[in-house]
**Student:** 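Have a look at the structure that comes next, please.
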There are 4 protein chains.
Amino acid sequence: MTKIGFIGLGIMGGPMAANLVKAGFDVAGYNRSQAKVERFVEAGGTGAATVAEAVRDRDVIITCLPDSPDVEAMALGDDGVFAHAREGALFIDMSTIQPATARKLAEAGQSAGFGVLDAPISGGERGAIEATLSIMVGGEASDVETARPVFEAMGKTIVHVGPAGAGQTVKAANQLICAVNIQAVAEAIVFLEANSVDPTTAINALSGGLAGSAVLERRAPSMVERNFQPGFRAELHDKDLRILTAAARDAGVTIPLGTAAAQLMAALVAQGDGKLDNTALLKLVEQLSGR
Amino acid sequence: MTKIGFIGLGIMGGPMAANLVKAGFDVAGYNRSQAKVERFVEAGGTGAATVAEAVRDRDVIITCLPDSPDVEAMALGDDGVFAHAREGALFIDMSTIQPATARKLAEAGQSAGFGVLDAPISGGERGAIEATLSIMVGGEASDVETARPVFEAMGKTIVHVGPAGAGQTVKAANQLICAVNIQAVAEAIVFLEANSVDPTTAINALSGGLAGSAVLERRAPSMVERNFQPGFRAELHDKDLRILTAAARDAGVTIPLGTAAAQLMAALVAQGDGKLDNTALLKLVEQLSGR
Amino acid sequence: MTKIGFIGLGIMGGPMAANLVKAGFDVAGYNRSQAKVERFVEAGGTGAATVAEAVRDRDVIITCLPDSPDVEAMALGDDGVFAHAREGALFIDMSTIQPATARKLAEAGQSAGFGVLDAPISGGERGAIEATLSIMVGGEASDVETARPVFEAMGKTIVHVGPAGAGQTVKAANQLICAVNIQAVAEAIVFLEANSVDPTTAINALSGGLAGSAVLERRAPSMVERNFQPGFRAELHDKDLRILTAAARDAGVTIPLGTAAAQLMAALVAQGDGKLDNTALLKLVEQLSGR
Amino acid sequence: MTKIGFIGLGIMGGPMAANLVKAGFDVAGYNRSQAKVERFVEAGGTGAATVAEAVRDRDVIITCLPDSPDVEAMALGDDGVFAHAREGALFIDMSTIQPATARKLAEAGQSAGFGVLDAPISGGERGAIEATLSIMVGGEASDVETARPVFEAMGKTIVHVGPAGAGQTVKAANQLICAVNIQAVAEAIVFLEANSVDPTTAINALSGGLAGSAVLERRAPSMVERNFQPGFRAELHDKDLRILTAAARDAGVTIPLGTAAAQLMAALVAQGDGKLDNTALLKLVEQLSGR
């Protein structure tokens with residue numbers, strides 16, 4: 001049976017690791033705050049007091065951490081994953097980080113004799129709990145095949161999108177499209193209401209045509225109701241859009257709408273609405289329209 | 001049997017009027033250029049040499065013209081529709097025009113004893129030919145019911161979205177969302193390619209999630225192939241986005257992404273690509289990225 | 001002595017017409033609201049009860065009205081300027097309107113035997129009172145020479161910038177540059193303050209270099225103090241930016257920053273701050289930054 | 001006599017160090033590429049083969065390097081400035097870097113017993129050669145006084161703008177205003193020309209009013225001539241705008257025009273025009289306008 005070390009038992013990582021336990025894997029979980037380790041033990045996992053303990057002799061090591069520097073330090077640090085993992089282990093980072101960092105870690109890991117995958121996720125807290133996440137995987141095909149049973153215990157859609165870094169690149173593209181679409185729907189709703197058109201009727205009329213989208217179908221109804229319970233918090237989307245804009249700049253790609261949407265998401269967070277759902281961009285459109 | 005006068009037998013109006021004939025209506029067609037009238041006669045319609053001839057004694061009068069001033073002149077002009085139509089006739093404008101103009105025409109028409117609907121369409125030339133258009137209707141419910149059999153001969157989805165002007169408002173919202181979504185997908189494709197990720201694989205991975213949309217599913221594949229055969233020409237979308245931005249300004253609504261997308265579509269047209277599909281926005285992203 | 005008819009005795013037109021009287025011209029003044037005519041009579045002018053009365057037998061007819069449709073109706077209307085003016089009279093529109101409308105009026109006026117100039121102004125209410133306006137003039141050189149003594153009674157800088165419509169074009173360019181510069185300074189001030197740098201010291205340091213501008217020198221100090229007493233009201237600048245964006249579109253010119261500044265000014269007005277100085281754009285930057 | 005160590009003898013640093021020699025200072029110069037050191041020796045300076053040699057026993061150590069990581073490594077590295085400088089030495093970084101990095105270096109330096117100033121410059125290659133640079137200084141007042149004679153040998157305008165990091169913050173604000181103003185003038189010129197108005201006449205008319213600026217007076221004439229010889233290269237401005245946008249994000253400040261100008265400058269560089277003057281933004285406006 002595959003032995004897994006899981007580092008980062010937060011809002012996403014916690015339920016993901018629990019789902020691995022449920023699927024029968026032997027999982028050692030580590031988190032800086034031990035309270036989260038205890039909760040994981042209650043869910044049937046094995047607690048690890050140190051990174052070394054979580055990593056040693058494991059076949060697969062998974063990280064699910066906040067940002068690029070966290071993952072980089074955890075992988076490369078003196079007391080980190082690569083320092084303690086057994087030769088030939090497979091390192092899978094499921095955080096959302098810079099594609100460039102993912103590529104750097106893949107190179108460093110391979111030099112040190114590890115398999116490395118970047119495998120960011122989408123689908124939110126609910127997807128993590130219900131094991132219905134979408135997982136975008138970058139790396140070697142053989143490593144993806146090794147990891148597949150592990151991924152299948154956490155997600156529903158697993159797609160190998162390319163070599164090292166490709167997972168993070170696709171995740172960044174996903175966050176670009178989602179942010180822009182949400183903002184477009186927000187602008188449309190405020191425009192409709194300002195013209196005294198019932199937005200729900202209009203959304204129904206629009207959904208079948210080329211304007212149709214997952215955002216329009218799944219999110220617009222709660223936007224119309226001004227229900228901004230997350231879902232996916234604006235502050236997390238903001239962080240991901242920083243990754244996007246930096247990656248686009250590094251690649252020399254001009255993304256005028258992506259950049260504009262990133263500014264708006266940052267403004268939403270700056271105004272203190274970072275804990276709301278990312279669809280709260282609607283509030284900003286209303287504010288800018290004096291409504 | 002309902003007698004219809006149809007004014008404007010162009011790329012859209014021509015096949016729409018022909019579909020009415022096919023459905024058994026008695027249709028008199030008028031167009032400024034008589035060549036189009038002749039083609040309509042070949043399709044089984046009755047040719048009208050003047051507006052008066054097309055309008056007199058008709059139950060329903062439909063206009064399908066390029067822009068707001070055309071429709072306004074045709075409705076209100078000394079030799080226009082309201083001057084010649086019989087009392088109680090139903091006037092349906094299926095052009096895409098300013099919501100404010102639609103409201104003005106409804107008021108003028110009702111004062112003069114006519115029913116008035118604004119009923120812009122989406123679905124493109126193909127939808128017009130195959131009678132699969134989406135029709136967004138604004139006006140009185142009773143007039144919509146009167147018109148329904150007429151609409152059903154031309155389209156598949158007929159939605160009554162609100163009072164006078166609502167059809168045009170929803171159409172403008174549709175064009176906003178479509179333009180922004182296309183641009184988002186264009187930015188994503190160029191970003192993916194610049195990072196050496198195969199866009200087709202990525203699009204498949206993204207389609208099932210919150211980034212999924214009709215644009216991603218139906219248009220992205222041809223964008224990846226750089227196939228910009230219209231579809232819906234950039235210059236027409238540009239015209240519609242002028243209507244949108246003016247209507248948003250009139251309503252005091254700030255639409256940062258809608259406005260930015262409108263600038264980009266205008267730039268595409270200014271560069272001489274107005275006859276290409278609106279998805280040619282991808283060319284602009286490539287140009288701005290030096291690719 | 002030149003006999004002048006002056007139509008539009010508002011905030012700008014009132015003091016301008018009074019300055020013409022002071023300079024010794026025979027001026028007949030007309031305004032829709034007669035209260036303004038009475039004030040003009042108190043200032044020494046001759047009151048006119050109708051447009052015809054203000055226009056008949058005058059050498060020069062000046063209009064100073066809110067917007068393009070007002071000027072168009074006043075010039076071309078059945079009871080308008082061209083209907084009543086004597087042959088060979090010189091028509092000078094000093095309103096800020098669409099360049100295209102100015103060109104149309106020049107053509108119509110010349111066909112009817114009139115000289116026509118477009119001569120929009122900048123310098124605000126204070127410039128109007130103190131006769132220190134800048135006047136940007138489009139039209140025939142000979143007409144400009146005829147008008148020069150008249151202009152010199154109202155302004156300090158009179159520049160003939162080109163043929164019919166050129167005055168309005170330059171005015172639109174002026175409003176573009178001013179709006180964008182104000183917004184840039186607003187962003188800089190908020191950025192400096194957020195980084196705990198004293199903006200006044202910084203502005204002094206920046207003024208001597210390439211960042212230096214009239215906005216930085218004359219407006220930034222009151223912006224730092226959050227003193228938004230007009231000056232030039234945001235709602236008027238907003239109107240002028242509508243003219244700009246429409247004219248740019250008509251000319252096929254893409255102005256990304258001009259358009260973005262126009263959106264922001266419109267948002268300021270939509271929020272109810274239209275009566276404040278246009279430098280109140282700073283409030284919007286603060287709001288978007290949660291400050 | 002003050003003994004100076006100067007690290008970074010590039011396009012800017014080279015002539016700056018030479019001017020210090022001319023002013024009578026004892027200057028040891030270091031550069032990674034020794035060819036530049038040799039040129040400095042020809043100009044009368046003392047060559048240093050290592051950082052240690054340039055730094056040891058010097059009263060003042062100046063760095064003039066490309067970017068934040070370079071300066072950080074040079075200051076804090078195992079073989080860097082702080083490792084070799086004598087206690088009490090004054091470290092002055094004249095590079096353009098992140099305000100946050102400047103603050104971090106000030107803290108580290110002060111802990112280690114050094115004075116630290118951030119003193120970025122503007123005025124271009126010409127200003128460096130002619131000793132007419134503007135220098136924006138952040139740090140302790142007493143350190144600024146110590147450094148003043150040194151600054152006066154290199155620049156004309158020396159302003160102490162605040163505590164550590166303030167120099168870099170003001171520099172970033174400078175680059176924001178300059179980029180936005182250049183783009184505004186570029187949009188205005190293309191708009192004027194598209195309307196057949198002579199831009200030179202218009203620029204003269206606009207210069208005296210609120211649209212007046214150093215960009216309009218000093219740069220617009222060469223823009224009209226399409227002379228894009230640098231000046232200040234687009235690729236350097238692009239680098240500075242990355243610093244700006246990152247610093248604004250860190251401070252939670254929304255800068256819609258600054259961000260849009262940064263995108264345009266990045267696009268200019270991506271298209272291969274990075275070696276041109278930053279006023280080549282005009283080319284981009286023309287391209288987007290199909291001209």
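Sequence lines set the chain letters: A, B, ... in the order given, protein chains first and strands last, and positions in each chain run from 1.
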**Student:** Compare every heavy atom of D:V116 with every heavy atom of D:L105, then report the nearest pair and how far apart it is.
**Tutor:** O-CG2, 4.1 Å
**Student:** Quick one, D:L282 with D:F228, criterion side-chain contact (heavy atoms from CB on, under 4.5 Å). Give me CA distance, side-chain angles, the key distance, then yes/no.
**Tutor:** CA-CA 9 Å; D:L282 182 86; D:F228 302 123; 3.8 Å; yes
**Student:** Taking side chain as C-beta onward, heavy atoms only, is D:T101 less than 4.5 Å from D:V71?
**Tutor:** no
**Student:** Rounded to the nearest 0.5 Å, how far does CG of D:L276 lie from NZ of D:K283?
**Tutor:** 5.5 Å
**Student:** Which one wins on heavy-atom pair count under 4.5 Å against chain C: D:L216, D:N204, D:V215?
**Tutor:** D:V215
**Student:** Quick check on the interface: out of D:S122, D:A194, D:S289, who has the most heavy-atom pairs with chain C under 4.5 Å?
**Tutor:** D:S289
**Student:** Assess, by modelled atom type and distance only, whether the side chains of C:R219 and C:N278 contain a donor and an acceptor separated by less than 3.5 Å.
**Tutor:** yes
**Student:** Measuring heavy-atom distances to chain C, does D:I203 have an atom under 4.5 Å in its side chain, in its backbone, in both, or in neither?
**Tutor:** neither
**Student:** Which one wins on heavy-atom pair count under 4.5 Å against chain D: C:C178, C:S207, C:G127?
**Tutor:** C:C178
**Student:** Name the option with the most non-hydrogen atom pairs under 4.5 Å to chain D; the candidates are C:P99, C:A186, C:A248.
**Tutor:** C:A248
**Student:** If the test is side-chain contact (heavy atoms from CB on, under 4.5 Å), which one of D:I121, D:I129, D:T96 qualifies with D:M12?
**Tutor:** D:I121
**Student:** Considering only heavy atoms from C-beta outward, does the side chain of C:M223 approach that of C:I182 to under 4.5 Å?
**Tutor:** yes
**Student:** Identify which part of C:A247 has an atom lying under 4.5 Å from any heavy atom of chain D, answering side chain, backbone, both or neither.
**Tutor:** both
**Student:** Do D:M265 and D:L284 come within less than 4.5 Å of each other through their side chains, counting heavy atoms only?
**Tutor:** no
**Student:** To the nearest 0.5 Å, what is the distance between NZ (C:K275) and CD (C:Q229)?
**Tutor:** 13.5 Å
**Student:** Counting heavy-atom pairs closer than 4.5 Å to chain D, which one of C:L206, C:L192, C:N195, C:L210 comes out on top?
**Tutor:** C:L210
**Student:** How long is the gap from OG on D:S222 to CG on D:N227, to the nearest 0.5 Å?
**Tutor:** 5.5 Å
**Student:** Shorter than 4.5 Å, heavy atoms on both sides: which option in D:S196, D:G290, D:S134, D:G209 has the most such pairs with chain C?
**Tutor:** D:G209
**Student:** Among the options D:R103, D:E217, D:M136, D:R218, pick out the one with the most heavy-atom pairs lying under 4.5 Å from chain C.
**Tutor:** D:R218
**Student:** Between D:N174 and D:L176 (side chain of the first, backbone of the second, donor and acceptor by atom type, cut-off under 3.5 Å), is there such a pair?
**Tutor:** no
**Student:** Look at C:T201, C:I255, C:D250 and state which one has the largest set of heavy-atom pairs under 4.5 Å with chain D.
**Tutor:** C:I255
**Student:** Identify the two heavy atoms, one from C:L117 and one from C:A147, that lie closest to each other, and give their separation to 0.1 Å.
**Tutor:** CD1-CB, 3.7 Å
**Student:** Using a heavy-atom distance cut-off of less than 4.5 Å, which residues of residues 152-173 of chain D contact chain C?
**Tutor:** D:V159, D:H160, D:V161, D:A166, D:T169, D:V170, D:A172, D:A173
**Student:** Report, by ascending residue number, the residues of residues 233-245 of chain D in heavy-atom contact with chain C at a distance under 4.5 Å; give 'none' if the set is empty.
**Tutor:** D:L244
**Student:** For D:E140 and D:Q110, test the side chains for any donor-to-acceptor distance below 3.5 angstrom and give the result as yes or no.
**Tutor:** no
**Student:** Do you know which of D:T254, D:V197, D:V285 has the most heavy-atom pairs with chain C at a distance under 4.5 angstrom?
**Tutor:** D:T254
**Student:** Are D:I92 and D:F151 packed together at the side-chain level, in the sense that at least one heavy-atom pair is separated by less than 4.5 angstrom?
**Tutor:** yes
**Student:** Can you name the residues of residues 256-264 of chain D that have some heavy atom under 4.5 Å away from a heavy atom in chain C?
**Tutor:** D:P256, D:L257, D:G258, D:A260, D:A261, D:L264
**Student:** Report the residues that fulfil salt bridge (charged side-chain N to carboxylate O under 4.0 Å, His left out) with C:R226, sequence neighbours left out, ordered by chain and then residue number.
**Tutor:** C:E193, C:E286
**Student:** With a 4.5 Å limit on heavy-atom distance, are the side chains of C:C64 and C:M16 in contact?
**Tutor:** yes
**Student:** Tell me the closest heavy-atom pair linking D:A220 and D:V185, and the distance in Å.
**Tutor:** CB-CG1, 3.9 Å
**Student:** With a 4.5 Å heavy-atom cut-off, do C:M94 and C:D118 have their side chains touching?
**Tutor:** no
